[in-house]
Amino acid sequence: MTGDPSRPLAPATRLVGSGRPPRSPGASVSPELAMTSTYVAGGDVNYARVGNPTWSAFETTLAALEGDDSTRALAFASGMGAISATLSLLPHGGTVLAPRHFYNGTSGLLETWVASGRARLVRIDLSDTSAVERALPDGVDVVWIESPANPTLETCDVAALTRCAHAAGALVVEDNTFNTPLGRRPLDDGVDVVVHSVTKYLAGHSDVLLGAAVTNDSSLAERLLTARTLGGAIPGPSETWLALRGMRTLHLRWERACANAAALAARLEQHPNVVRVRYPGTGAMIAVEVDGGQSAASAVEDAVDVWLPATSLGGVESMLERRRRHALEPESVPENLLRLSVGVEDVDDLWRDLDAALTGSSA
Ligand SMILES: *Cc1c(COP(=O)(O)O)cnc(C)c1O
């Protein structure tokens with residue numbers, strides 16, 4: 001689905017209409033769920049570790065959202081599958097410049113590479129663009145960005161960082177999971193590779209794990225495709241089909257989740273048992289620091305009824321968790337920090353439940 005090139009289709013229209021089978025009388029309107037391990041010889045793709053029509057339908061739709069006609073998206077078995085493949089672009093012993101806080105799976109993977117001598121990791125406050133500029137000439141290969149960062153929600157000036165990084169010859173990767181392409185399109189800021197945990201907002205229903213890497217650079221796309229084909233972290237066709245089916249309503253879910261989050265963030269600012277609210281002003285993630293430390297934060301997790309006490313985010317259902325319960329989370333993440341993933345329920349029900357749990361937490 002391309003529409004009139006002089007007037008590009010809006011994201012909502014692309015979400016609904018991209019990646020559908022060619023229109024012909026009797027054709028199905030929904031993409032096929034291609035359950036096959038191989039193909040009759042003589043076609044473009046000869047084995048299903050290399051390609052699958054269900055992946056293509058999903059990938060076409062995601063590429064149309066993150067970029068334009070030259071954009072390539074590749075689906076992976078999970079967000080970490082996409083992240084591992086992207087980090088495999090790093091030369092052996094290469095240096096990654098990363099934020100002080102970022103997804104603990106990505107930092108955990110990099111730490112294992114540091115321990116085995118495969119990579120160097122330099123953590124820096126990415127919101128300080130001039131500090132990054134000073135660190136770059138030191139032989140940085142990849143700048144890894146999360147803005148907002150998981151779970152502390154710090155943001156940075158991605159366009160400025162990307163300009164500095166490119167001037168120093170570094171590749172820029174952004175994990176765009178928290179924004180979705182509706183919130184921000186990193187490729188427009190010059191970012192080289194965008195990665196997603198599709199598990200979260202894109203699929204949106206907490207029923208599937210999937211990942212993706214997206215780029216405008218055809219040689220990077222080929223290297224990522226090789227990493228996927230030979231690394232073998234390929235998605236299942238059923239998971240990919242479910243993710244695309246979920247993605248069809250991303251704009252509706254995102255709009256409601258963001259509106260709910262804005263309303264809840266404002267109310268949380270006034271709550272006597274909340275000492276700090278971190279909310280970047282957009283998106284549907286909030287982090288709060290609860291008065292009374294770790295035990296008070298844990299008491300909120302135990303007390304909620306509408307909210308689910310669970311890890312993960314981006315589903316229709318609201319979830320919260322105390323991040324420091326994970327051993328991988330660094331000590332600079334406060335013990336009393338709760339990460340809130342705001343879903344699409346009625347906002348007053350969400351507020352009453354959260355308010356009651358917070359009020360009870362100090363008892
Ligand atoms: C969940 C998450 C990941 C990992 O994705 P999986 O699909 O669980 O492998 C990566 N980055 C961010 C920001 C996440 O929230």
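Both counts, for ligands and for their atoms, begin at 1 and track the order of listing.
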With a 4.0 Å cut-off on heavy atoms, is Leu313 in contact with ligand 1? yes
Looking only at distances, please establish whether an N/O atom of ligand 1 is found under 3.5 Å from an N/O atom of Phe178. no
For Thr106, is at least one N or O under 3.5 Å away from an N or O on ligand 1?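 N/O-N/O distance below 3.5 Å does not exist for this pair.
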Please indicate whether [X] has more than 12 foreign heavy atoms, meaning atoms of other residues, nucleotides or ligands, lying under 6.0 Å from its [atom1].
X      : atom1 : value
Arg267 : CZ    : yes
Arg223 : CZ    : no
Arg248 : CZ    : yes

Could you list the atoms of ligand 1 found under 4.0 angstrom from a heavy atom of Ile83? 10 (C)
Under 4.0 Å to a heavy atom of Met80 - the qualifying atoms of ligand 1, by number: 5 (O), 6 (P), 9 (O)
Note the single closest protein heavy atom to [atom], along with its residue, its atom name and the distance in Å.
atom                    : value
atom 12 (C) of ligand 1 : Asp175 OD2, 3.4 Å
atom 1 (C) of ligand 1  : Lys200 NZ, 1.4 Å
atom 7 (O) of ligand 1  : Thr199 OG1, 2.6 Å
atom 5 (O) of ligand 1  : Ser197 OG, 2.9 Å
atom 3 (C) of ligand 1  : Tyr103 CE2, 3.3 Å

Inspect the contact between Arg323 and Glu329 and indicate whether a charged nitrogen and a carboxylate oxygen are less than 4.0 angstrom apart. yes
Can Arg184 and Glu174 be counted as an ion pair, charged N to O under 4.0 angstrom?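 The answer is yes: the pair qualifies as a salt bridge.
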Indicate whether any N or O donor in one side chain lies under 3.5 Å from an N or O acceptor in the other, for Arg14 and Ser18. no
Between Asp189 and Thr162, is the side-chain hydrogen bond (donor to acceptor under 3.5 Å, both in side chains) condition met? List the steps. CA-CA 7 Å; Asp189 287 331; Thr162 302; over 6 Å; no
So which bit of Val198 gets within less than 4.0 Å of ligand 1, heavy atoms only: side chain, backbone, both or neither?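 Looking at Val198 and ligand 1, no heavy atom falls under 4.0 Å.
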